[in-house]
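Single-structure report; data block below.
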Number of protein chains: 2
Amino acid sequence: MLDDRSPTVYDVARHAEVSIATVSRVLRHPDKVSETTRRRVLASVEELGYVPNASARGLAGRRTGVLGLLIPGHDIPTTSLREPVGEEGGTVAFLDDRDGRQADPYRNRYFEQLVRGAEAAAWKAGYALLVAAGTSVSRDVVVHDLAGRVDGLAAVARTVPEDLLLRSAGRTPLVTIAGEAGAGSDAVRADNRGGMAALVRHVLAVKPRGPVLYLAGPPDSPDAAAREAGFRDAVADRDVVWSALLGDFTWRAGHDVMAAHLAREVPAAVVAANDQSALGALAALRESGVEVPGTCVVTGFDGIDESRYATPTLTTVRQPMVDLGIRAIELLLRRLADPGADACELRLPVDVLLRQSCGPLP
Amino acid sequence: MLDDRSPTVYDVARHAEVSIATVSRVLRHPDKVSETTRRRVLASVEELGYVPNASARGLAGRRTGVLGLLIPGHDIPTTSLREPVGEEGGTVAFLDDRDGRQADPYRNRYFEQLVRGAEAAAWKAGYALLVAAGTSVSRDVVVHDLAGRVDGLAAVARTVPEDLLLRSAGRTPLVTIAGEAGAGSDAVRADNRGGMAALVRHVLAVKPRGPVLYLAGPPDSPDAAAREAGFRDAVADRDVVWSALLGDFTWRAGHDVMAAHLAREVPAAVVAANDQSALGALAALRESGVEVPGTCVVTGFDGIDESRYATPTLTTVRQPMVDLGIRAIELLLRRLADPGADACELRLPVDVLLRQSCGPLP
DNA sequence: GTGAAAGCGCTAACAG
DNA sequence: CTGTTAGCGCTTTCAC
């Protein structure tokens, strides 16, 4: 390359012997230009290797063509970064992985699927997707490095500082993902409550005779609250004996609470607020020799990987993360098209994955 | 909001009674402004809710502050998109998942980890990350929707049309991920060859007495070629009886080739070019009643989820995808800082995950 | 159908 | 330390 500077509309215009306005038209409204000029301009574009500058476009057109997606941070430990190897080959690490722990240090699939859905939806609508995942996404960072770059922002609940929502409102459209309805901003979430209710009704239909144990999540989690509400919905209109015990979404709590409970009573069904605690409960049941699903059926919630490989495989509920991503972008697009539209809140149905831990299929 | 237009430097300048240059300075070179003015300007910024416009910045500063990451498409089936539910709750889908197939329609974790690494590295360097994942990323799309938006582009090999590389070279820095060295562009890849060689040397050390079978990948895959080379490296300097059979990276091929081979001979080790075919081979061995790892050890390559949950769990090699993402961005940054630097090609060491299928630990 | 010209909002000399 | 000014590359009226 002789000139290191990228060619601009001016270069193309000169080369094609037209005005810059025509070059711009050819690229944006091809039908408003005569066939012959269009050809000529496109040929010049090709020959010069012209690539339109998005910043200039964005500035002139008052839109960036970019949507932002804000997800919780990943906590990538940069310390374990591997050094490149030389010609001789280098230091291959041998890891003892008999317990399967090494396989994947970054387990949370949720947000990755969100990215996929969002990316696909954005792309389809002609937008690019900017992904941000700060461990500590500070207010300043959002404002300075994100808000000014995008036409709209989709953010997983509790990743954006609350006051930002307010500042943003009316300026950059914002949709909240998987959280409570924000201050007038659009939102999309999974129907945790309805999903749990549906699951529990199914459980009531297939479980052996006996009481139901609900293994609740931490009281401060909105998800836990919604799921518990769903559980209550399902048992409310039925003649069931049930009790609830407090967990905290961990395997440990699930296991210990279950074990303690088993000392007093063997339930006919254990409905856990999430998979981790369900797996813990499963372990405790096994230790006590309780047959699952024969004597007691068990269900989880989330659809984490481990649920597929548990013994027995765990019946659970999967949130439609890809769909959440898609819908979030769609809401953004809707608001972009009609800034005055009413704030809207989408609730997406979940999928119940029927597996061995819950006995026969319906 | 009375004025729907976002405030600009002019608004802030007027409000703080300074010039726009000072506003700009406060934001970009705070130390070049007196304490008092800085305070005043920041107060105005805050009060007006000013957010700098990235397009204008990019245009004026000739840099966008954005890096692009191009990964293979996801093939999101938009047809299965779920409809939102109403107040009443909606149609929860019950899926028979006894075979575990429903759990995750989007299985390929590779690129997601890549995104993570890249995102973290880019962010750390003060860049935002634009992720593009077209199913059919056409040349035009890359040129029009990506190249003009970013300061540099990292692309998974074979996602970008070749001619684009040439056009791009010297303009937008480009690094190729997990592919051959491009036309002078930087590249980063996993040390497939070295990793396989290390794995195979380990296998030779622990396997029972007897011949080794190499289950090769498709001839047209660069990965397969590198792995096979690694295998040959490892057996070359050793007194081993071995043979190779052609597979195509699928479970089916792994199974069938293995089954056919078993009719003639029971190897003491099966080294497969990837996990899928290793799992197929594992199945065939089980069908024939060959004990793994007692009679025959087995290894895969890739570290897919299934390898952790196979019976026995599969010894395999994991590519450092997160690291690849990080390094790709680092290469980009390097070239951004020094456009004239020599093209460089990084090879990252892989991790060998020792699991049950390969017998005792070293 | 095409061209001239006026910005879009910001940065970075260059003066003062 | 602060202000003036000239663009950055493109889109878009508005004339012709």
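Order of the sequence lines fixes the chain letters, A, B, ..., with proteins taken first and strands second; residue numbering starts at 1 for each chain.
- Between R334(A) and E330(A), no side-chain nitrogen of the basic residue sits less than 4.0 Å from a carboxylate oxygen of the acidic one, so the salt-bridge criterion is not met.
- As a whole-Å value, the separation of L59(A) CG from dT11(D) P is 11 Å.
- In this structure, S19(B) does not reach the dT4(D) phosphate: none of its side-chain N or O atoms is under 4.0 Å from OP1 or OP2.
- Straight-line distance from the CZ atom of R14(B) to the C1' atom of dG3(D): 16 Å, rounded to whole Å.
- Each of L324(B), L114(B), T176(B) was checked for a side chain to side chain contact (heavy atoms under 4.5 Å, CB included) with V156(B), and the lone residue meeting it is L114(B).
- Looking only at distances, a side-chain donor or acceptor of D151(B) sits under 3.5 Å from a matching main-chain atom of G65(B).
- With dC1(D), dG9(D), dT12(D) as the candidates, the nucleotide lying closest to the side chain of T37(B) is dC1(D).
- Scanning DNA chain C 5' to 3' for nucleotides with an atom closer than 4.0 angstrom to a non-hydrogen atom of chain A gives a first and last hit of dG1(C) to dG9(C).
- Put simply, H29(A) has a side-chain N or O that comes within less than 4.0 Å of OP1 or OP2 on dT12(D).
- Under 3.5 Å, the side chain of Y10(A) and the base of dC10(D) form at least one donor-acceptor pair of N or O atoms.
- Residue S24(A) places at least one side-chain N or O closer than 4.0 Å to OP1 or OP2 of dT11(D).
- The phosphate of dT11(D) (OP1 or OP2) has a side-chain N or O of R57(A) nearer than 4.0 angstrom.
- Between the CZ atom of R62(A) and the C1' atom of dC10(D) there is a distance of 13 Å, given to the nearest Å.
- Between E119(A) and R116(A) there is no salt bridge, since no side-chain nitrogen of the basic residue lies less than 4.0 Å from a carboxylate oxygen of the acidic one.
- Nucleic acid contact for R25(A): base, since at least one base atom lies under 4.0 Å from a heavy atom of the residue.
- No contact: V23(B) has no heavy atom under 4.0 Å from any strand.
- Residue K32(B) contributes atom NZ, which lies 16 Å from atom P of dG3(D) at whole-angstrom precision.
- Rounded to whole Å, atom C1' of dG9(D) lies 13 Å from atom CG of L27(A).
- Toward the 5′ end of DNA chain D lies the nearest nucleotide of A21(B), the other residue of the pair A21(B) and A56(B) mapping further downstream.
- Applying side chain to side chain contact (heavy atoms under 4.5 Å, CB included) to L67(A) and the options V175(A), L336(A), L130(A) leaves one that passes, L336(A).
- The distance between atom CG of N53(B) and atom C1' of dC10(D), rounded to the nearest whole Å, is 13 Å.
- Residue-level contact check: V18(A) touches the backbone only, with heavy atoms under 4.0 Å from sugar-phosphate atoms and none from bases.
- Sorted by first and then second residue, the salt bridge (charged side-chain N to carboxylate O under 4.0 Å, His left out) pairs with a member in residues 12-27 of chain A read D11(A)-R14(A); sequence neighbours excluded.
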As a quick check of understanding, evaluate side-chain contact (heavy atoms from CB on, under 4.5 Å) for V26(A) and T37(A), giving each step before the final call. CA-CA 8 Å; V26(A) 167; T37(A) 5; 5.7 Å; no

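- Rounded to whole angstrom, the span from the CZ atom of R38(B) across to the P atom of dC1(D) amounts to 9 Å.
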